[in-house]
Amino acid sequence: MTKEGKLIIFSAPSGAGKTTIVHHLLGKIPDLEFSISATTRPARGDEQHGKDYYFISKEEFLHRIAKKQFVEFEEVYSGTFYGTLRTEIERIWEQGKTVIFDIDVEGGMHLKRKYDGQALAIFVQPPSLEVLIERLTGRGTDSEEKLKERFIKAEKELNYAPQFDIILKNYDLQTACKEAEDLVTNFLG
Ligand code: ADP
Ligand code: 5GP
């Protein structure tokens, strides 16, 4: 059996900056390894299979649900599934590393409940919903329809912040990255 390790969960509404912060941490702290989620959405930009996500068909995703291969999964947007494979966490713990997640708010709370005591759950907070919308639009990766779906979900998700261990304000990116580094370093001990 794999020896269990630690987990660091970054959750936030889409556009808050969690991917940017998680990438920064991965470049700075060698003990961390990214949990590559499975998703049914197509790759965007220069995303790569097996690096950013495991891009799989809906059929395969449903098959893996039936086989109970996910620690958690969500239909994050209608018709689009995202999930964490059990084998992914084991793969990282087997290397003696800490798992770092970039995951939606519900998924983050789910993992926090499941691994309470060994997980640090961080909520990335944007300055306001207006700024979040600006960032998401500015990223230029989603169609108008997809953007609207993300804004509606984001408004609800912002209310979940107090349920996380820590709220990390992402106003100025450099400050947020430094704070994230300090939080993670302290947690790793
Ligand atoms: P998420 O992973 O939470 O959806 P991203 O990390 O993709 O968010 O960030 C969304 C967009 O906002 C990206 O274009 C990113 O470069 C930008 N961004 C992130 N943090 C900041 C910040 N503090 N100030 C301005 N822009 C930011
Ligand atoms: P995106 O399409 O922008 O990459 O991700 C959309 C949302 O799905 C983000 O909030 C992202 O964190 C979340 N997400 C990514 N992987 C997972 C996962 O494995 N499980 C859950 N529940 N959400 C995920």
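One-based numbering, in listed order, for ligands and for the atoms of each.
- Distance from atom 21 (C) of ligand 2 to its nearest protein heavy atom, with residue and atom name: I103 CG1, 3.3 Å.
- Of the listed residues (Y53, F101, F73, Y77), the one carrying the non-hydrogen atom nearest atom 5 (O) of ligand 2 is Y53.
- Of the protein's non-hydrogen atoms, D102 OD1, 2.9 Å is the one closest to atom 12 (O) of ligand 2.
- The R44 neighbourhood of ligand 2 comprises atoms 1 (P), 2 (O), 3 (O), 4 (O), with distances under 4.0 Å to a heavy atom of that residue.
- Residue contacts with ligand 2 include K18, since one of its heavy atoms falls under 4.0 Å from the ligand.
- At a heavy-atom distance under 4.0 Å, no atom of H110 approaches ligand 2.
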Taking only distance into account, with no hydrogens and no angle test, what donor-acceptor pairs under 3.5 Å do side-chain atoms of residues 113-125 form with protein atoms, sequence neighbours excluded?
from	atom 1	to	atom 2	distance (Å)
D116	OD1	K112	NZ	3.2
Q118	NE2	E4	OE1	3.3
Q118	NE2	G5	O	2.8

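- Given atom 19 (O) of ligand 2, the protein heavy atom at minimum distance is S37 OG, 2.7 Å.
- Only the side chain of V76 comes within 4.0 Å of ligand 2, judged by heavy-atom distances.
- By the 3.5 Å distance cut-off applied to N or O atoms, G83 is counted among the residues near ligand 2.
- Each of the atoms 18 (C), 19 (O), 20 (N), 21 (C), 22 (N) of ligand 2 lies under 4.0 Å from some heavy atom of E72.
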Throw together a table of side-chain donor-acceptor distances under 3.5 angstrom for residues 17-29, partners on residues two or more places apart or in other chains.
from	atom 1	to	atom 2	distance (Å)
K18	NZ	A12	O	3.2
T19	OG1	D102	OD2	2.6
H24	NE2	E181	OE2	2.8

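- Protein residues having a heavy atom under 4.0 Å from any atom of ligand 1 are P13, S14, G15, A16, G17, K18, T19, T20, R135, R139, N170, Y171, D172, L173, listed by chain and number.
- In this structure a side-chain-to-backbone donor-acceptor pair under 3.5 Å is present from E47 to R44.
- Shortest contact from atom 23 (N) of ligand 2 to any protein heavy atom: D104 N, 3.2 Å.
- Y171 belongs to no multi-residue hydrophobic cluster, having no ILVMFWY side-chain contact under 4.5 Å with any other such residue.
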